[in-house]
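Just so it is clear, the values below take in all heavy atoms, side chains as well, and ignore hydrogens, waters and symmetry mates. Throughout, protein chains are lettered first and strands after them, A, B, ... in sequence-line order, and every chain is numbered starting at 1. As the structure is a prediction and not an experimental result, all values here were calculated from the model.
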Amino acid sequence: MPRLTLPDGTHPELPEGEPVGGVLGPDAIAARVDGELRDLSFVPTGDVAVEPVGAVSDDGLHVLRHSAAHVLAQAVCRLWPGTRYAIGPAIDDGFYYDLAIAAHVSADDLPRIEDEMRAIVAEDQPFIREEVSRSEALARLAGQDFKREIIEDLAGEEGEVGPGDTVTLYRNDHWVDLCLGPHVPSTGRIGAFTLTSISGAYWRGDEKNPQLTRIYGTAWATRADLEAHLHRLEEAERRDHRLLGRQLDLFSSPEELGPGLWVWHPRGGVFRKQLEDWVRDLHLARGYDLVVTPHIARSVLWETSGHLAKYADNMYPPMQTDTGDYYVKPMNCPFHVLIYKSQVRSYRELPMRLSELGTIYRHERLGSLHGLLRIRGGTQDDSHIICRPDQLVDEIVAVFDLTLEIHRTFGFGDPVVNLSTLPGQTILEPEMAARATETLVTALERYGLPYTEAEGEGTFYGPKVDFHFRDAIGRLWQLTTVQCDFALPERFDMEYTGEDNKRHRPVMIHRAILGTLERFSAVLIEHYGGAFPLWLSPEQIRFVPVADRHVEHCRTLADTSRASGLRPFIDDAKESVGKKIRSAQLMKVPYIVVVGDRDIEAGTYTVRDREGIETPGVPFDQIITALGDEIAERSLEQTRFGG
RNA sequence: GCCGGCGUGGCGCAGCCCGGUAGCGCAACCGACUUGUAAUCGGUAGGUCGUCGGUUCGAAUCCGACCGCCGGCUCCA
């Protein structure tokens with residue numbers, strides 16, 4: 001009789017041939033047996049450690065969602081016999097299944113599919129695991145050519161599953177799928193789910209392969225969890241920068257401009273000025289030099305840099321002119337190299353930190369464009385640090401430090417750091433590649449940053465470290481990138497004269513901390529839900545005259561505010577006070593001051609903040625001082641005038 | 001780029017399936033009210049229905065091409 005070890009330390013014995021589920025209680029939907037995720041129906045052959053897996057755990061949700069994916073495919077097969085099913089994994093927050101459906105199915109059909117899924121859940125069909133030979137699996141899944149391909153591929157893999165080996169099938173009712181499992185014991189355990197969207201996806205993600213219909217859904221342990229999740233989605237929708245950008249009159253992308261290109265309106269422009277001035281000042285304070293470079297350059301520059309060889313797909317096509325072909329820049333680095341090379345450099349000049357808010361154009365795939373997050377024209381806070389090899393680690397560590405300082409200012413959570421190693425296609429010699437990666441690792445360890453490795457995600461000229469930051473509603477955004485480059489100095493034959501009076505090759509660090517300002521602005525808008533901290537707010541204080549006779553007084557207040565460096569606005573529309581308050585709130589104006597007879601007489605004012613909290617009797621210079629302080633501190637909280 | 005959905009005054013939408021020369025709300029403008037913390041009332045103006053072509057006596061509506069927007073195309077049974 002197998003002897004079990006349960007998490008509570010007890011060691012019950014399990015009758016021979018009995019499944020582990022029997023001892024795990026009613027809440028378990030799966031089990032962890034000696035660390036492996038298993039079905040409740042798993043029958044141990046010897047002594048094992050067993051833990052119950054409940055639906056609320058990460059493991060449990062994964063199992064639940066994977067099972068829901070099966071039910072989805074099963075439902076579609078019931079509705080449209082002849083449907084071929086490909087893959088249906090659990091993903092973050094949900095699941096999907098890729099299907100070749102024997103009919104044209106659109107979003108309108110989702111409720112129908114959902115109803116069919118509910119029927120299957122109501123039937124409470126047991127999930128039955130079977131281990132069968134490959135040939136039997138092929139027979140059982142006759143006509144399922146995607147499954148056949150997977151089974152045939154498995155046969156080709158070394159080790160684990162050789163030819164003739166068994167594969168696992170899961171069956172509920174008469175519907176069979178090739179699957180490793182595990183699954184919930186029966187369909188009745190899939191409680192709270194809903195289908196969310198439908199779209200196309202290629203078989204195995206390759207556009208040369210046939211296109212399948214992908215149906216997405218989400219599943220949770222309880223209805224309350226599902227609803228909370230749907231709420232989070234709504235919250236994300238409310239924060240959508242494309243929507244807020246229009247509502248707050250920040251920017252737009254008129255069709256005449258072209259896809260992925262944006263114009264910034266006055267309100268967006270003043271926001272960007274604040275951001276840009278601050279970033280530039282910060283760089284100057286950290287020993288960077290500001291440079292300015294043009295938007296286009298001759299093709300020879302891009303030949304030397306290697307962009308034309310490796311990056312041409314992402315560049316706008318060349319323009320022919322009387323002096324040859326010119327390309328619009330997709331990166332700033334070659335220009336900064338030219339600045340470096342404008343003189344003979346001494347070791348004493350290094351590190352040289354060249355910084356620019358450089359506008360670049362990339363011909364991104366049409367379908368990948370997305371608001372300001374994925375654009376074809378944008379401005380990077382781009383710097384290139386050119387240094388001696390022995391300065392490299394210190395310089396990278398300094399970049400990490402600046403990165404964290406900048407992101408703390410915006411109130412992001414702790415970063416998730418990735419080290420991306422080189423991709424297959426690179427212009428680097430293997431030896432240089434190894435050195436570059438090693439340097440980044442040393443810097444990460446020196447600064448004490450925990451990181452995970454992402455293989456092959458680096459750029460064509462070097463490996464990189466990326467920082468992802470968590471926003472106010474828990475989403476991660478990749479913002480900062482730091483790249484270590486031994487290739488461009490070589491290609492451009494960059495040199496400096498060393499202490500030994502000999503010529504040496506410098507090393508280059510590419511880094512963008514905010515990334516693209518457009519993209520970063522979008523992230524900030526979503527992070528703050530459009531309610532910017534005062535220092536970034538396009539409009540900082542709005543004066544609302546109660547009647548026409550108060551407009552003049554508002555002008556005086558606004559003038560004083562402006563003279564103190566604030567951005568005021570007077571709403572003298574012929575509307576009710578209530579209406580004007582409402583429109584100010586909708587524009588997320590930080591402070592509203594209603595001005596009427598009472599205030600003018602008293603010489604003090606009532607301040608209303610974004611929360612709608614009103615504080616009466618505040619002297620005007622106190623308002624000015626307080627807002628000045630809030631701006632100077634770049635505070636993330638509004639001033640409480642009540643004390 | 002590929003697949004699917006969508007494209008109607010500045011914005012959000014109805015009308016399209018079952019062709020017969022466009023409608024609502026907000027915003028804008030004008031007028032009245034002169035107002036005290038999230039929408040005062042009344043009126044006016046504004047669209048050749050993304051573009052081009054086709055079918056038809058007649059097209060926002062049907063068909064085709066193009067342009068644009070949205071979602072997806074990585075997470076390996």
Side-chain angles (χ1 to χ4, degrees), chain A residues 66 69-70 73 85-92 95-98 104-108 137 141 144 146-154 157 161 167-170 176-181 196-216 240 242-243 246-247 249 252-261 313 363-371 454 456-457 542 544-551 572-587 589 592-599 605-610 612-616:
Chain A
H66 187 192
H70 273 234
Y85 35 106
I87 56 166
I91 52 173
D92 286 349
F95 59 90
Y96 67 78
Y97 215 113
D98 281 350
H104 178 76
V105 171
S106 73
D108 298 338
L141 289 161
Q144 292 297 335
F146 299 112
K147 296 297 175 187
R148 194 189 62 232
E149 216 179 299
I150 294 165
I151 293 169
E152 282 166 359
D153 275 11
L154 286 173
E157 275 176 28
V161 189
V167 298
T168 51
L169 299 182
Y170 273 82
V176 183
D177 197 358
L178 175 72
C179 180
L180 272 179
T196 49
S197 66
I198 184 165
S199 68
Y202 297 100
W203 168 233
R204 301 194 150 167
D206 187 335
E207 61 188 69
K208 289 192 279 293
N209 286 335
Q211 180 119 20
L212 305 171
T213 302
R214 174 171 295 182
I215 299 176
Y216 282 91
D240 191 314
R242 295 166 299 181
L243 187 71
R246 189 178 300 126
Q247 279 171 3
D249 195 17
S252 62
S253 175
E255 201 178 318
E256 295 88 328
L257 276 182
L261 303 172
D313 284 352
H363 199 256
E364 302 282 356
R365 285 159 78 106
L366 243 193
S368 68
L369 301 177
H370 180 91
E457 299 288 309
R542 182 173 293 196
V544 175
V546 171
D548 290 348
R549 64 179 180 279
H550 307 123
V551 171
D572 59 356
K574 292 176 181 173
E575 289 291 350
S576 67
V577 170
K579 177 64 174 293
K580 288 193 262 192
I581 296 286
R582 179 180 151 81
S583 47
Q585 292 278 151
L586 289 175
M587 289 303 278
V589 175
I592 303 167
V593 175
V594 176
V595 179
D597 292 333
R598 294 204 302 255
D599 313 283
Y605 303 86
T606 301
V607 184
R608 181 189 170 108
D609 65 19
R610 277 191 185 120
I613 298 169
E614 292 166 37
T615 311

*Could I get the full list of side-chain hydrogen bond (donor to acceptor under 3.5 Å, both in side chains) partners for A/Glu364, not counting sequence neighbours?*
A/Arg374
*Has the side chain of A/Tyr202 got a donor or acceptor that lies under 3.5 Å from a partner of the other kind on the base of B/C3?*
no
_Is A/Arg246 close enough to B/G12 that one of its side-chain N or O atoms is under 4.0 Å from OP1 or OP2 there?_
yes
*Rounded to whole angstroms, how far apart are CH2 on A/Trp203 and C1' on B/G72?*
18 Å
*Find the distance A/Phe95:CZ to B/C76:P and express it as a whole number of Å.*
15 Å
_Distance between C1' atoms of B/C18 and B/G1 (Å, rounded)_ = 38 Å
*Using a strict cut-off of less than 4.0 Å between a Lys/Arg side-chain nitrogen and an Asp/Glu carboxylate oxygen, indicate whether A/Glu614 and A/Arg608 qualify as a salt bridge.*
yes
*Tell me the partner of B/U34, counting only Watson-Crick (N1-N3 plus N6-O4 or O6-N4) or G-U wobble (N1-O2 and O6-N3) with both under 3.5 Å; none if nothing fits.*
none
*asked:* When both hydrogen-bonding distances must be under 3.5 Å and the geometry is Watson-Crick or G-U wobble, what is B/C24 paired with, if anything?
replied: B/G12
*Would you say the side-chain atoms of A/Tyr202 and A/Arg204 include a donor-acceptor pair closer than 3.5 Å?*
no
*Pairing nucleotide - B/C62, Watson-Crick or G-U, each distance under 3.5 Å*: B/G54
*asked:* Using the C1' atom as the point on both nucleotides, what is the distance between B/U61 and B/U21, in whole Å?
replied: 12 Å
*To the nearest angstrom, how far is A/Arg214 atom CZ from B/C75 atom C1'?*
9 Å
Under 3.5 Å, which N/O atoms of the protein pair with N/O atoms of nucleotides 66-69 of chain B?
| unit_1 | atom_1 | unit_2 | atom_2 | d |
| --- | --- | --- | --- | --- |
| B/C67 | O2' | A/Glu255 | OE2 | 3.4 |
| B/G68 | O4' | A/Glu255 | OE2 | 3.4 |

*Whole angstrom value for the distance that separates C1' of B/C73 from CG of A/Leu212*: 10 Å
_Beyond-backbone contact of A/Arg242 with A/Arg246, side-chain heavy atoms, under 4.5 angstrom_ = no
_Mind checking if A/Phe146 touches a base, just sugar-phosphate, or nothing, with heavy atoms under 4.0 Å?_
nothing
*Hey, does the side-chain of A/Arg365 have a donor or acceptor N/O within less than 3.5 Å of a partner on the base of B/G1?*
yes
*Find the partner of B/U48: check Watson-Crick (N1-N3 plus N6-O4 or O6-N4) and G-U wobble (N1-O2, O6-N3) distances, both under 3.5 Å, and reply none if neither fits.*
none
*Encode nucleotides 31-40 of chain B as B, S and - characters from 5' to 3', where the letter depends on protein heavy atoms closer than 4.0 Å: B to the base, S only to sugar-phosphate, - to neither.*
S--BBBBBBB
*Is there a Watson-Crick or G-U wobble partner for B/G7 with both distances under 3.5 Å, and if so, which one is it?*
B/C67
*asked:* For A/Asp313, is there any backbone N or O sitting under 3.5 Å from a side-chain donor or acceptor partner on A/His363?
replied: no
*For nucleotides B/G7 and B/A60, find the distance between their P atoms and express it as a whole number of Å.*
15 Å
*Hey, does A/Val176 have a side-chain heavy atom less than 4.5 Å from the side chain of A/Tyr170?*
no
*Round to the nearest Å and state the distance from A/Arg204 atom CZ to B/G72 atom P.*
23 Å
*If the C1' atom of B/G31 is compared with that of B/C49, how far apart are they to the nearest Å?*
32 Å
*Nearest-Å distance once atom C1' is located in both B/C57 and B/C11*: 38 Å
*Verdict with supporting geometry, A/Asp597 and A/Val546, side chain to side chain contact (heavy atoms under 4.5 Å, CB included)*: CA-CA 8 Å; A/Asp597 292 333; A/Val546 171; over 6 Å; no
*If you measure from the P atom in B/G42 to the same atom in B/G25, how many Å do you get, rounded?*
11 Å
*For A/Lys147 and A/Asp177, what are the C-alpha separation, side-chain angles and deciding distance, and is it a salt bridge (Lys or Arg N to Asp or Glu O under 4.0 Å)?*
CA-CA 8 Å; A/Lys147 296 297 175 187; A/Asp177 197 358; 2.8 Å; yes
_Whole-Å gap separating P (B/G12) and CG (A/Asp249)_ = 14 Å
*Any salt bridge between A/Asp548 and A/Lys574, counting N to O under 4.0 Å?*
no
*Grab the CG-C1' distance between A/Asp98 and B/G4 for me, whole Å please.*
14 Å
*Using the C1' atoms only, state how far B/G47 lies from B/G10, rounded to an integer number of Å.*
12 Å
*asked:* What's A/Thr213 touching, base or sugar-phosphate or nothing? Going by heavy atoms closer than 4.0 Å.
replied: nothing
_The single option from A/Leu141, A/Ile151, A/Leu212 passing side-chain contact (heavy atoms from CB on, under 4.5 Å) against A/Phe146_ = A/Leu212
_What's the gap between B/A65 and B/C2 when it is taken at their P atoms, as a whole Å value?_
12 Å
*Would you call A/Ile592 and A/Asp609 a side-chain contact if the rule is heavy atoms closer than 4.5 Å?*
no
*Rounding to a whole Å, what distance do you find between A/Glu256:CD and B/U51:P?*
12 Å
*Given B/C75, is OP1 or OP2 found less than 4.0 Å from the side-chain N or O atoms of A/Tyr96?*
yes
